[in-house]
Amino acid sequence: QVQLVESGGGLVQPGGSLRLDCAASGFSSKFPFSDYTSAWFRQAPGRVREGVALITSDGAPYYEDSVKGRFTISRDNAKNTVSLQMNNLIPEDTAVYYCATDYYDGSYYIWRDITFGSFGQGTQVTVFS
């Protein structure tokens, strides 16, 4: 059973930075973490959960338009982790951030519509002045 645990959330002023990490476990040797697509989602109060960034099993990144140039997603297959470096944060980035992963071998053309089967418990990011 795949388990995901996020860490790194917190309070930060506008323009500041935070790094979120997600530790993944429960993979088999036949289907290791390195074969999985991973992503970060966020959900702000009163809004639906939305995809923020995705990284394919090959390491190709995809970003939601509002975070392009500010956020960077990365993965370390040796450590079974996926991270989200967030720079130049703005109040609109305030949300609970969730890590997600699943095996996927389809098109990434509309990546934000991909369904993920495993999510972490979330970590709060608050940007305030």
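We're numbering straight along the sequence, starting at 1. Hydrogens, waters and symmetry mates are skipped; everything else that's a heavy atom, side chains included, is used.
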Enter the distance from [X]:[atom1] to [Y]:[atom2] here, rounded to the nearest 0.5 Å.
X	Y	atom1	atom2	answer
E6	F119	CD	CZ	10.0 Å
C22	Q3	SG	CD	11.0 Å
S74	L84	OG	CG	8.0 Å
D76	S34	CG	OG	11.0 Å
L89	L18	CG	CG	5.5 Å
S38	D102	OG	CG	9.0 Å

Cation-aromatic face contact R42/Y98, 6.0 Å, 45 degrees: no
Test: R70 cationic atom under 6.0 Å from Y63 six-membered ring centre, within 45° of axis: no
Steps toward side chain to side chain contact (heavy atoms under 4.5 Å, CB included) verdict (Y97, M86): CA-CA 12 Å; Y97 284 71; M86 306 185 293; 3.9 Å; yes
Stepwise side chain to side chain contact (heavy atoms under 4.5 Å, CB included) check, I55 with T37: CA-CA 6 Å; I55 188 164; T37 295; over 6 Å; no
Full working for side-chain hydrogen bond (donor to acceptor under 3.5 Å, both in side chains) between D35 and S57: CA-CA 5 Å; D35 288 350; S57 59; over 6 Å; no
Applying the 4.5 Å side-chain criterion to the ILVMFWY set and letting contacts propagate, would [X] and [Y] be lumped into a single cluster?
X	Y	value
F71	F41	no
V67	V12	yes
V82	L54	no

Can you see whether [X] engages [Y] through a side-chain donor-acceptor pair at a distance of less than 3.5 angstrom?
X	Y	result
Q85	S83	no
S7	D21	no
R75	T81	no

Minimum heavy-atom distance between S107 and I114, given as atom pair plus value: O-CD1, 4.3 Å
Taking every non-hydrogen atom, the tightest pair across V96 and Q124: CG2-OE1, 3.2 Å
Stepwise ring-ring contact (aromatic ring centres under 6.0 Å, His included) test for F116 and Y104: CA-CA 9 Å; F116 286 83; Y104 181 78; 7.7 Å; no
For Y103, ring-ring contact (aromatic ring centres under 6.0 Å, His included) partners two or more places apart: none
Residue pairs, two or more places apart or on separate chains, that pass ring pair (Phe, Tyr, Trp, His ring centres under 6.0 Å) and touch residues 10-30: F27-F33, F27-Y36
T123 side-chain N/O to G9 backbone N/O, donor-acceptor pair under 3.5 Å: yes
Worked check of ring-ring contact (aromatic ring centres under 6.0 Å, His included) between Y108 and Y62: CA-CA 9 Å; Y108 290 93; Y62 293 80; 5.6 Å; yes
Residues, nucleotides or ligands: over 12 heavy atoms within 6.0 Å of F128 CZ: yes
Student check: side-chain heavy atoms of P14 and I90 closer than 4.5 Å: no
Test side chain to side chain contact (heavy atoms under 4.5 Å, CB included) applied to T94 and V125, step by step: CA-CA 5 Å; T94 295; V125 171; 5.9 Å; no
Criterion side chain to side chain contact (heavy atoms under 4.5 Å, CB included) on R112 and E64, from CA distance to verdict: CA-CA 8 Å; R112 298 183 78 193; E64 191 269 327; 3.4 Å; yes
